[in-house]
2 protein chains.
Amino acid sequence: MTGTTLDDYTDRYARRVRGMTASEIRALFAVASRPEVVSLAGGAPYIAALPLDAVGEMLGKLGSEHGVTTLQYGIGQGTLELRERICEVMALSGIDASCGASPDDVVVTVGGQQALDLVSRLFLDPGDVVLAEGPTYVGALGVFQAAQAQVVHVPMDDEGLVPEALEVAIADLARAGRRVKFLYTIPTYQNPTGVTLSEERRERVLDICERARLLVVEDDPYGQLGFEGEAPAPLRARRREGVFYLSTFSKTFAPGLRVGWILAPHAVRDKLVIASEAQILCPSGYAQAAVATYLSTMPWREQLKVYREVYRERRDAMLAALEDLMPEGTTWTNPAGGLFVWTNLPDGLDAKAMMPRAIAARVAYVPGTGFYADGSGTGNMRLNFSFPPPERIREGVRRLAGVMEQDIAMRKVFGTVTPAGRRRQGGADAPGPDLA
Amino acid sequence: MTGTTLDDYTDRYARRVRGMTASEIRALFAVASRPEVVSLAGGAPYIAALPLDAVGEMLGKLGSEHGVTTLQYGIGQGTLELRERICEVMALSGIDASCGASPDDVVVTVGGQQALDLVSRLFLDPGDVVLAEGPTYVGALGVFQAAQAQVVHVPMDDEGLVPEALEVAIADLARAGRRVKFLYTIPTYQNPTGVTLSEERRERVLDICERARLLVVEDDPYGQLGFEGEAPAPLRARRREGVFYLSTFSKTFAPGLRVGWILAPHAVRDKLVIASEAQILCPSGYAQAAVATYLSTMPWREQLKVYREVYRERRDAMLAALEDLMPEGTTWTNPAGGLFVWTNLPDGLDAKAMMPRAIAARVAYVPGTGFYADGSGTGNMRLNFSFPPPERIREGVRRLAGVMEQDIAMRKVFGTVTPAGRRRQGGADAPGPDLA
């Protein structure tokens, strides 16, 4: 067996999972994790805000006093205890028994990523179409492309997904004879834009999908991290049928435990469990006990407030720094929650081409192209504000602004700094020409 | 969106993952977990043999002192620290630097199941053939069928996979124009038979696969749980190329942490990482730290000896009970390690049909049909000896023998107790007519 044969077998797969972009992002994070670099690239929660002594004590007891259970195999769906706690968490957002939410229909997953992967495995066949916001979560694009599905982006504006554009996309795809399997959406404090789908649009989007008999996959990792009052209720709180609700404890507790979940329509819950068993046999009993015990014995609602306060302060620091330091022509979103700001560079700048210069200036971000399946996003970057403290955020934006000023100056001298044929078209209205 | 439409979408998938069998096995485990039932059905390690106080203390510190790292996101491949420890574990079995094993080529997975799933995702297309021992691990059958691959079983005898039968199978499939992607094998203390591939056959199997340019996926969860000296060296210790080595800490430490690994050929390691990232983003940093710290600070080699001693005693109890209590005509394997004994029922008995009567008599096992993709195994059952203590094992076998005696008596009166058309053909030579 030679390397050539292995390549032969697997190149097809590598293409499927967009090897290039994934590798690039990994290389980026490797560089960004150097201490001298201000990383605005990640999506990590600020774990130091947790009461780690108390968490450690709890984790220790789960081993010493309950190890015979927590360290053993469990069932594929996840423990009933955790699924009951998850229902309490969802009830905070209005997803409760009144709209049919039940522990029986919760499937515990290895973070939100496995939740997405399971839904994709269940529904997607090669050649299928998935509708998704443009831009959207890079990890979702990886999953959909691994399933050999095509992502068709639906434009956004400051109020989120544009319902008229969704209707047009559905009609166009129907005319083209394409099979659309679901709408994937992050309606609240979206990744990467931070934008929230407005109250009124939530109903319209649901009506449109209902009429088109289109499933909705609602990804909601950030919904409880709002800085300005409550977010509009999740889509799942508004409809019993046709909505898969996905979430995770990665942003509200700790990503290192890898615990997420799906609230599934009852008709397919069992199939999701079977699919998950084929994939991982069962979720970690220890991690599930950790989350369930955290939720039943520790002040998790207070901790949510702590996270919100920390992130609100950092969001403010980010927006102030952008306002004070960014070159003219740069615009950005104004997130009411979550972890990210989405920026539009001045006309002619290419966020990916600029990366090496940014790294040299000791600042990192994720170029916008990572969040599109169609090559859009060259003039955008995603900036994270949840992990770096306020003064580091300001320093990072200062470095970034310096790199941008240089690129703008170069462009004035040489006409362009973007590779041929990759220049952005059109203006720079928030949250971006591709979102207008 | 109606339930009908969901079913419509997903029935195809449910068929793929052998929904029936998986559901049956889950139902079985639900019943088997009742305290009054002696379960010989599971595959669980005896966690109570771990020093849980010390493990708990270690787990606590990983939260309180290192939570900022362990509870955070990590990289898709897994931490270097754990991958280095994994190489030390593999070196115990002879897989070391001299045969090219390196932390760089280790990919950490969510138990052995995700390892199998990743390799399958990378290599299997619908219609492909996987060669596997008959019988084989039920979870592997689930993965291969989810990938829409066909499993062709290769017969075994007391020395494991029969090389001549492997050659015949490869030749037959080549003549039929089928695309065979790999041989999946558990060469040491196999699940479900407990049989070990002999030293001499290991080389022959590798030679056959090399000539046929066939990859080998070596699954080795039990290799370090031998009761009678060292097992023959793993296949990967004998060949640098063409062998994927899969293992897990589920049997040697704790399944509740869900930590396994793949040692992959260098050419595809990166593709496995990308596939894993699409599936779970990254393995649990906390679980990885737990295993790495266990391996670097606790006497894990001594603990292996403890597990071996516990399981050897229970294996002996199982074999003695079978010898003393089983009806004439029953035969079984004689495992030198691992967790399982495979039995052949007296001619005419059907292990699956007998299950309700066994459960009524408060004893559970897994019927042999679960371990075949082709409906074989009606006259077999898998018995686990790792979890129940010796006196419970004897009691379980006593109950089981009683049920079998009844079935045999019924058969003498009514001619048969198996459903029409499902009676076993042929004799009952160990480890089973389908394995001869």
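Below, read A as the first sequence line, B as the second, and so on, with proteins coming before strands; counting in each chain starts at 1.
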Can you tell me how far the CG atom of Leu52(B) sits from the CG atom of Leu62(A), to the nearest 0.5 Å? 12.0 Å

Bottom line for Val68(B): the part with an atom under 4.5 Å from chain A's heavy atoms is both

Side chain, backbone, both or neither: which part of Cys209(B) has a non-hydrogen atom closer than 4.5 Å to chain A? neither

Out of Gly285(B), Gly63(B), Pro255(B), which one racks up the most heavy-atom pairs below 4.5 Å with chain A? Pro255(B)

Of all heavy-atom pairs linking Ala278(A) and Gln113(B), the shortest is O-NE2, 2.9 Å

Going by heavy atoms in the side chains, are Cys282(A) and Arg258(B) under 4.5 Å from each other? yes

Report which part of Pro51(B) has an atom under 4.5 Å of a heavy atom belonging to chain A: side chain, backbone, both, or neither. neither

When the 4.5 angstrom heavy-atom criterion is applied to Phe387(A) and chain B, the contacting part is side chain

Quick check: closest heavy atoms across Leu71(A) and Ile47(B), and the distance to 0.1 Å? O-CD1, 3.7 Å

Heavy-atom pair of closest approach, residues Gly43(A) and Tyr73(B): O-CE1, 3.7 Å

Judged by atom type as modelled, is there a donor-acceptor pair below 3.5 Å linking the side chain of Glu57(A) to the main-chain atoms of Gly60(B)? no

Largest heavy-atom contact set with chain B, pairs under 4.5 Å, which of Tyr46(A), Tyr286(A), Phe253(A): Tyr286(A)

What pair of heavy atoms forms the shortest contact from Gln72(A) to Pro45(B), and how long is it? NE2-O, 2.9 Å

Counting only N and O atoms by type, is there a donor-acceptor contact under 3.5 Å from the side chain of Ser284(B) to the main-chain atoms of Gly256(A)? yes

If we define contacts as heavy-atom pairs under 4.5 Å, which of Gly139(B), Ala254(B), Gly260(B), Gly112(B) has the most with chain A? Ala254(B)

So, taking the atom named NZ in Lys61(B) and the one named CG in Leu59(A), what distance separates them when rounded to the nearest 0.5 Å? 14.5 Å

Would you mind reporting whether Val110(A) and Gln279(B) have side-chain heavy atoms less than 4.5 Å apart? no

Hey, could you give me the CG/CD distance between Leu281(B) and Gln114(A), rounded to the nearest 0.5 Å? 12.0 Å

